[in-house]
Amino acid sequence: MKNLPIDDFDIKSFQDDLISWFEREQRKLPWREDRDPYKIWVSEIMLQQTRVDTVIPYFRRFMEKFPTIEALADASEDEVLKAWEGLGYYSRVRNLHAAVKEVEEHYGGTVPDTPEEVSKLKGVGPYTAGAILSIAYGLPEPAVDGNVMRVLARILSIWEDIAKPSARKVFEEVVRKLISRENPSFFNQALMELGALVCTPKSPSCLLCPVREHCRAFREGTIDELPVKSKGKKQKQIRLQAAVLEDEDGRILIHKRPDKGLLANMWEFVQVEESTVLPARQVLKDYLGDVFKIEAALETEHFTEIRHVFTHLIWDIRVYHGKILNQVQETNELKCVPPDEIETFAFPVPHQKIWKAFREQAKSEKVKDIKG
DNA sequence: AATCCGGGGGC
DNA sequence: GCCCCAGGATT
């Protein structure tokens, strides 16, 4: 029996060692400057599946642009998406935007402070609810993320598979038993900070650990076996053909993705999935040919290939260059924009790479012209 | 319970 | 390459 009860565990001593370490060693972070629930909330959404160092510049820019709940509620979705461009998991910010409007309308602009109300907000799950309630309001609610599961799995020698959704509840019950009633905020933050700075996934710094004496895995030599985490399956590969298309005025054709699913509401250059049957480029030409007259430029070879790895799939994109000879009928999803305005739209990273490659290719063409 | 949903950094 | 990251919504 490896999952031991926590009877022989000195909770008070553990809390003291953990919290006093946090008071000494915590990093200075922009969302720790005050206890504004709005800032705590935004930071927690940004930090979902995203490292602190990545989040910091986004957080600063976001707060400059949308300093209050009211400012964010009044912004347009395109503006908000643009501020999130490059951070990934874009439904986070669309949900945040909707939730902030909800708070503005139904809670008079004040983030609610009960588990029931906070949890109802879009994009606020068990972790984020606990984080807001404990950090912003000082309530003893668990905030169990990947760090907390790793740290507690080691300290208490818990052999649950932390990749399984059911594991989170086990750890929430553990936190309810361990959490400091005097300082729930620092207790929760300290567990996460410890996971980020000391009790790391690989080669943890046990010799520097403030709670080493409380750690069963350290005592029993099982640090490298804990936590137990099953592996996910590998990504599906998708071949795409994309085109940077210019109209006769040199404007670029861009397309807005549907409001659900992958990269919802983000802009992109036109692209289609490659057929396994038809020869290269034929699919793209057929697709575009229904709508546009495409000049022979599309007959030339693709000018770049982009590989982009997502969590659950891999895009391999061949990118062509073409010219549109007829008038483009613009819609909400289809626009022609001048090249210098491309960067005002929110593009996913793979299509930012396409634009970068396109400009460099155009530059080298120019050099050739001059030399020729 | 599985699957979907981004992107980057560390090794 | 592989792993993981201050997870949540949908099915």
Side-chain angles (χ1 to χ4, degrees), chain A residues 22 26-27 29-32 39-59 81 84-96 98-99 118-132 134-136 142-151 161-169 171-172 175 185 188-197 199-204 227 229-236 238 257-266 268 306-315 346-353:
Chain A
F22 182 71
Q26 66 168 297
R27 291 167 289 182
L29 299 172
W31 47 90
R32 286 181 177 163
K39 290 185 195 167
I40 306 291
W41 181 10
V42 171
S43 73
E44 291 301 342
I45 300 296
M46 286 189 171
L47 286 162
Q48 289 169 8
Q49 299 293 285
T50 312
R51 291 185 153 73
V52 165
D53 290 340
T54 305
V55 165
I56 289 173
Y58 280 92
F59 180 83
L81 261 181
W84 208 268
E85 181 188 52
L87 254 191
Y89 287 128
Y90 299 97
S91 66
R92 289 185 293 176
V93 76
R94 300 194 305 124
N95 287 334
L96 173 65
V118 175
S119 300
K120 264 188 222 154
L121 297 171
K122 271 187 189 168
V124 177
Y127 163 73
T128 307
I132 293 173
S134 62
I135 300 173
V144 174
D145 69 342
N147 282 316
V148 171
M149 288 197 281
R150 180 176 61 256
V151 170
D161 180 355
I162 67 168
K164 286 190 159 40
S166 54
R168 200 199 68 245
K169 291 187 176 177
F171 287 93
E172 280 176 351
V175 171
S185 167
N188 280 341
Q189 291 189 74
L191 279 182
M192 294 187 271
E193 195 84 342
L194 191 66
L197 299 181
C199 194
T200 48
K202 286 175 216 165
S203 56
K229 188 170 187 181
S230 54
K231 297 185 192 0
K233 36 180 230 183
K234 67 175 185 186
Q235 302 102 323
K236 194 173 103 184
I238 297 178
R257 297 177 60 88
D259 64 3
K260 289 185 189 307
L262 183 66
L263 303 169
N265 285 357
M266 301 286 282
E268 64 184 4
I306 306 285
R307 162 163 285 210
H308 192 77
V309 179
F310 297 89
T311 305
H312 60 297
L313 52 87
I314 300 173
W315 275 3
F347 282 80
V349 167
H351 282 249
Q352 293 177 33
K353 292 178 189 167

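Computed from a predicted structure; not experimentally measured. Letters A, B, ... mirror the listed sequences (proteins, then strands); counts begin at 1.
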All heavy atoms of A/M266 vs all of A/F347, minimum pair found to be CE-C, 3.6 Å
Are side-chain heavy atoms of A/L29 and A/I56 found at a separation under 4.5 Å? yes
For A/Y58, ring-ring contact (aromatic ring centres under 6.0 Å, His included) partners two or more places apart: none
Per A/P165 side chain, nearest of listed nucleotides B/dA2, C/dC4, C/dA6: B/dA2
Calculate the interatomic distance between A/I45 atom CD1 and C/dC5 atom P; express it in whole Å. 18 Å
Rounded interatomic separation in angstrom, taking CG from A/L313 and C1' from B/dC5: 9 Å
C/dG8 C1' sits how many Å from A/K120 NZ, rounded? 18 Å
Side chains of A/Q189 and A/R32 only: does a donor on one sit below 3.5 Å from an acceptor on the other? yes
When you compare C/dC3 with B/dG6, how far apart are their C1' atoms, in angstrom units rounded to a whole number? 16 Å
Remember a base hit wins even if backbone is also touched, and classify A/K229 as base, sugar-phosphate or nothing at under 4.0 Å, heavy atoms. sugar-phosphate
With rounding to whole Å, what would you report as the distance between B/dC4 and C/dA6 at their P atoms? 24 Å
Are any non-hydrogen side-chain atoms of A/L96 and A/W41 less than 4.5 angstrom apart? yes
Is the shortest side-chain N/O distance from A/K233 to OP1 or OP2 of B/dT3 below 4.0 Å? yes
Can a side chain N or O of A/T128 be found less than 4.0 Å away from OP1 or OP2 on C/dA6? no
Of A/Q189 and A/K231, whose closest DNA chain C nucleotide lies nearer the 5' terminus? A/K231
Within the 4.0 Å limit for protein heavy atoms, which parts of nucleotides 6-11 of chain B are touched? Write it as a string from 5' to 3', B for base, S for sugar-phosphate only, - for none. BBB---
Considering only heavy atoms from C-beta outward, does the side chain of A/R27 approach that of A/V52 to under 4.5 Å? yes
Touch check for A/R27, heavy atoms < 4.0 angstrom, all strands: base, sugar-phosphate only, or nothing? base
Expressed as a whole number of angstroms, how long is the span from A/M46:CE to C/dC5:P? 20 Å
Starting at CG of A/D161 and ending at P of C/dC4, how long is that distance when rounded to a whole Å? 11 Å
Both distances under 3.5 Å, Watson-Crick or G-U wobble: report the partner of C/dT11, or none. B/dA1
For nucleotides 9-11 of chain C, tabulate all protein N/O to nucleotide N/O atom pairs closer than 3.5 Å, reporting atom names and distance.
{"residue": "C/dA9", "atom": "OP1", "partner": "A/G123", "partner atom": "N", "Å": "2.8"}

What is the distance, rounded to the nearest whole Å, between atom CZ of A/F171 and atom P of C/dA6? 16 Å
Please work out if A/S166 contacts a base, only the sugar-phosphate, or nothing of the nucleic acid, heavy-atom cut-off 4.0 Å. sugar-phosphate
For C/dC5, take OP1 and OP2 only and decide whether either is under 4.0 Å from a side-chain N or O of A/R150. yes
Would you indicate what A/R257 reaches in the nucleic acid, counting non-hydrogen atoms under 4.0 angstrom: base, sugar-phosphate, or nothing? nothing
Atom NZ of A/K122 with >12 non-hydrogen neighbours under 6.0 angstrom: no
Is a donor on one side and an acceptor on the other found under 3.5 Å between the side chain of A/R150 and the backbone of A/G195? yes
Within the distance-only criterion (no hydrogens, no angle test), does the side chain of A/T50 pair as donor or acceptor with the backbone N or O of A/Q48 below 3.5 angstrom? yes
From CG of A/L47 across to C1' of C/dA6 the rounded distance in Å is 5 Å
Write down the distance between NZ (A/K236) and C1' (B/dA2), rounded to a whole number of angstrom. 15 Å
A/L87 side chain reached by A/T54 side chain, heavy atoms, under 4.5 Å: yes
